Structure formats: structure tokens, C-alpha cells
Amino acid sequence: MQVTGVGSWPGTDIREALRAVRGVLGGLDEPALTGLPYLPELPGRGPGGELVGRGAGLLVDLPVDLQPAGWRLTDRPGRDAARTAAFWREDLDELAEAFDGHVGPLKLQVAGPWTLAASIWLPRGDRVVVDPGACRDLVASLAEGVRTRVADLARLVPAADLVVQVDEPSLPAVLAGRLPTASGYGRLRSVEAPEALAGLRDVLAAAGPRQTVVHCCAADPPLPLLRASNCGAVGLDTAALGPGGWEGVAVAVESGVGLYAGCVSSAPAEPRSARTAAGAMLEAWARVGLPAEGLGAVTVAPSCGLAGLTPVAAVARQRRCVEVARHLGEAATG
């Protein structure tokens, strides 16, 4: 089995975050257990350190800056965009040092096109998602940025087996037309599934031949669309899924799509024991008719990012994921 994290981490020191992540996930030495370390995201650093600002920093030839309403497309990059670029440079420098000589999997997380389109504002007007032409520009720009960043990681950690995770927490709201207008009195247009699928496929294709995962921790992830996106795996908050969601998981797994199971709570409250979390996962897995041996291909992760915890608690939560994976691995092998 494999164990990883979603991406976000508490604190503001990327060197310490990388050390913590590699300490838990980079040195697993068990025959049936593999760690998938990752480049942490640090929202605690402020604008440019969080998911949307960090994703906006990948856009090519689409300058952004931070305005009172949020990140907005502009004529030229401003101070906030420069800070985001500095964060990325620091992260890559520290990653190269922390993972010098690393052989094995390594994960990069990026904001997905529809989460960015739902969160970035047009120069004059509402969010990018209201304008189909602007959406196409954003998708193309992000795809180019992802292509460049993946090449950066391949150069800095040449022996790593890179995994690219595309985070799409806003995708269900975009598809359902649940995003509010600027006034708050209306709702923005819903994006049709074919348009959403095409944009997601373009960004995933930018990862090249590397493994990809689309993460959506909403209670109603659009699994048919994700399954059709050509992603290698889906990342879900499995504890939040209802019966219909688990049926969708079964269809995805049986069609060859991997599962990153967020079965360890990332909430500040103390989570369930590893045995209890594994038991809940086993019960849901069996309920939809999936064979126990298939659990060996599941990746265990927290339900969402760990930025809301203390650094000590974040390390403990990642270790809880390792414990859950051991229990599931035992069940998979009988």
C-alpha cells in the first residue's frame, strides 16, 4: 500500500515542513508499504502561499495581483505576484536540498483549472468562470505552467518518480452553478460537463507520462467526470461519501482508476483510532462489492490538508495514516 498527504502543512518554514514530510513518508522501509512524500504548501505564509494564489503563480502570460475581492487578472504582475514567485523559488531550492539523491515517488500539488476559474476575478467584472473565452485562456496558461513546473522538479530531483496532483475543491460548485455573483444575490453560470472535462484533460496532459491524481474533498465529487478525465487516480474524503459516492468509487476502481482514500480526518479534533478508521474503510469497501485484495492498491491519506493543525499534530496525523495503511494491508493479504 501507499501513504501520502494531501498537500497543505502548518507553519511558514518550508525547510522544516519538508524535513517533517520526508521524515514520515520518505523512509518507510516495509515490504508492503510505500511512502509518497510531497512538496508541502504553506498557507500560513499568507497570500501566494495558499492554494489559489500558488496556482495563480503558475499561470503563463496571465498576470495576476491581489485585490480586495481576491486574486484578479491584471495588465502586469504586481507585488503580490512577485511574492508568490519568490515562494515558489524558495520551495524548489529547499526541495532540491531536502530530496537530494531521492529515488522513488514524489508528489507535486497544483490548483485545478476550475478551482482557479472559480476563484480568480476578471480585470473588470466577475470571476473568470463566467467567461468561456477567459476560461479557455486560463486552462491553456495553467497547462503551460504545470508543464514548466514538472520539468523543474524533474531537473532538481532527477531520480524521482513524479506524481502530479490537481486539486479541484470547487469543481462540484462550478458544475452545479452554486457560485454566488459579486453581489451575492445571484448565481454564476454553471459550466457544462464537456467544457469542464476538456479543461481538466488539458491540464492533466501537461504532466506528460507521469502519474496523475485529481483531488476533490467535497461530499459530492463528480466521479463520472473525473473517471473520464484520464487521471490515474482520484483523491476523495472517503468518510464524507454517501452510498452513491461509494458506488461511484466502485465503478472507478473497477475501470482501473486508482483511489487516494482520505480516511484519516484532518480536523483539529483527535481522529478515530487507526483500527477504527481502517474498519470503516473496510466496511464501505466490502459494501460495494470490492474484493479485499484490491485494498493493496489504495493510497491512504488525510481527508484534506493539514494546515489547520500544529506541526506536531500534522506529523502525528501523517503517522496515523501509516498505521491505517498497515491495517488495510493486512486485510488485503488476508
Side-chain angles (χ1 to χ4, degrees), residues 4-28 35-66 71 77-111 116 141-167 203 206-208 210-213 215 305-307 309-312 314-315 318:
T4 194
V6 171
S8 70
W9 194 265
T12 59
D13 189 330
I14 187 62
R15 179 175 294 183
E16 289 300 319
L18 283 163
R19 183 179 294 124
V21 167
R22 185 163 192 185
V24 178
L25 300 175
L28 287 179
L36 172 53
Y38 53 95
L39 174 60
E41 301 165 350
L42 303 180
R45 294 192 290 194
E50 89 297 353
L51 177 67
V52 173
R54 192 172 175 81
L58 293 176
L59 298 177
V60 175
D61 295 331
L62 279 183
V64 296
D65 205 18
L66 191 60
W71 292 95
R79 179 180 56 189
D80 299 298
R83 181 172 58 246
T84 302
F87 285 155
W88 269 114
R89 286 194 299 272
E90 180 185 8
D91 291 355
L92 294 176
D93 287 346
E94 293 294 343
L95 178 79
E97 181 176 338
F99 283 85
D100 182 34
H102 174 74
V103 178
L106 179 63
K107 182 161 68 74
L108 168 71
Q109 304 81 218
V110 298
L116 288 183
S141 176
L142 178 61
E144 185 59 32
V146 169
R147 193 174 292 111
T148 300
R149 194 52 21 102
V150 168
D152 290 338
L153 264 70
R155 173 176 50 83
L156 293 170
V157 193
D161 183 12
L162 295 179
V163 178
V164 179
Q165 175 180 307
V166 176
D167 287 319
V203 172
R210 296 163 183 88
Q211 181 186 349
T212 57
V213 52
H215 178 257
L306 300 176
L309 306 180
T310 65
V312 171
V315 169
Q318 283 283 201

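The shown structure was predicted, so the numbers you read here are calculated from the model rather than taken from an experiment.
- The minimum heavy-atom distance between Leu162 and Arg210, with the atom names listed, is O-CB, 3.4 Å.
- Formation of a donor-acceptor pair under 3.5 Å by the Lys107 side chain with backbone atoms of Gly7 is not found in this model.
- Of all non-hydrogen atoms in Ala207 and Val164, the two that sit nearest each other are CB-CG2, 3.8 Å.
- Not a single donor-acceptor pair under 3.5 Å links the side chain of Arg149 to the backbone N or O of Leu58.
- Residues Leu62 and Ser141 come closest through the heavy atom pair CD1-CB, 3.6 Å.
- Leu95 is listed as a side-chain neighbour of Leu18, based on a closest heavy-atom distance under 4.5 Å.
- At least one side-chain heavy atom of Leu42 sits less than 4.5 Å from a side-chain heavy atom of Ile14.
- A side-chain donor-acceptor contact under 3.5 Å links Gln109 to the backbone of Leu39.
- Here side chain to side chain donor-acceptor pair (under 3.5 Å) pairs that include residues 53-66, with residues two or more places apart or in two chains, are Arg54-Asp91.
- Here CZ of Arg45 is found 8.0 Å from OG1 of Thr12. Values are rounded to the nearest 0.5 Å.
- Within the 4.5 Å cutoff, the side chain of Glu50 has heavy atoms near those of the Val52 side chain.
- Residues satisfying the side chain to side chain donor-acceptor pair (under 3.5 Å) test with Arg83, not counting sequence neighbours, are Asp80.
- Evaluation of the side chain to side chain donor-acceptor pair (under 3.5 Å) rule for Glu97 yields no partner, not counting sequence neighbours.
- Nearest approach of Ala206 to Ala143, heavy atoms of both residues: CB-O, 3.2 Å.
- Listed by chain and residue number, Ala159 satisfy the side chain to side chain contact (heavy atoms under 4.5 Å, CB included) test with Val103 (two or more places apart in sequence, or in another chain).
- Closest approach of Leu106 and Leu36 over heavy atoms only: N-CD1, 3.7 Å.
- Side chains of Trp9 and Gln318: a donor-acceptor N/O pair is absent below 3.5 angstrom, by distance only.
- Leu156 places none of its side-chain heavy atoms less than 4.5 Å from the side chain of Asp93.
- Summarising the geometry of Val64 relative to Ala56, their closest heavy-atom pair is CG2-CB, 3.8 Å, with the distance given to 0.1 Å.
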Would you sort out whether Trp71 and Leu59 count as a side chain to side chain contact (heavy atoms under 4.5 Å, CB included), showing the intermediate values?
CA-CA 12 Å; Trp71 292 95; Leu59 298 177; over 6 Å; no

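- Residues satisfying the ring-ring contact (aromatic ring centres under 6.0 Å, His included) criterion with Phe99, sequence neighbours excluded, are His102.
- Under the side chain to side chain donor-acceptor pair (under 3.5 Å) criterion, Glu41 pairs with no residue, sequence neighbours left out.
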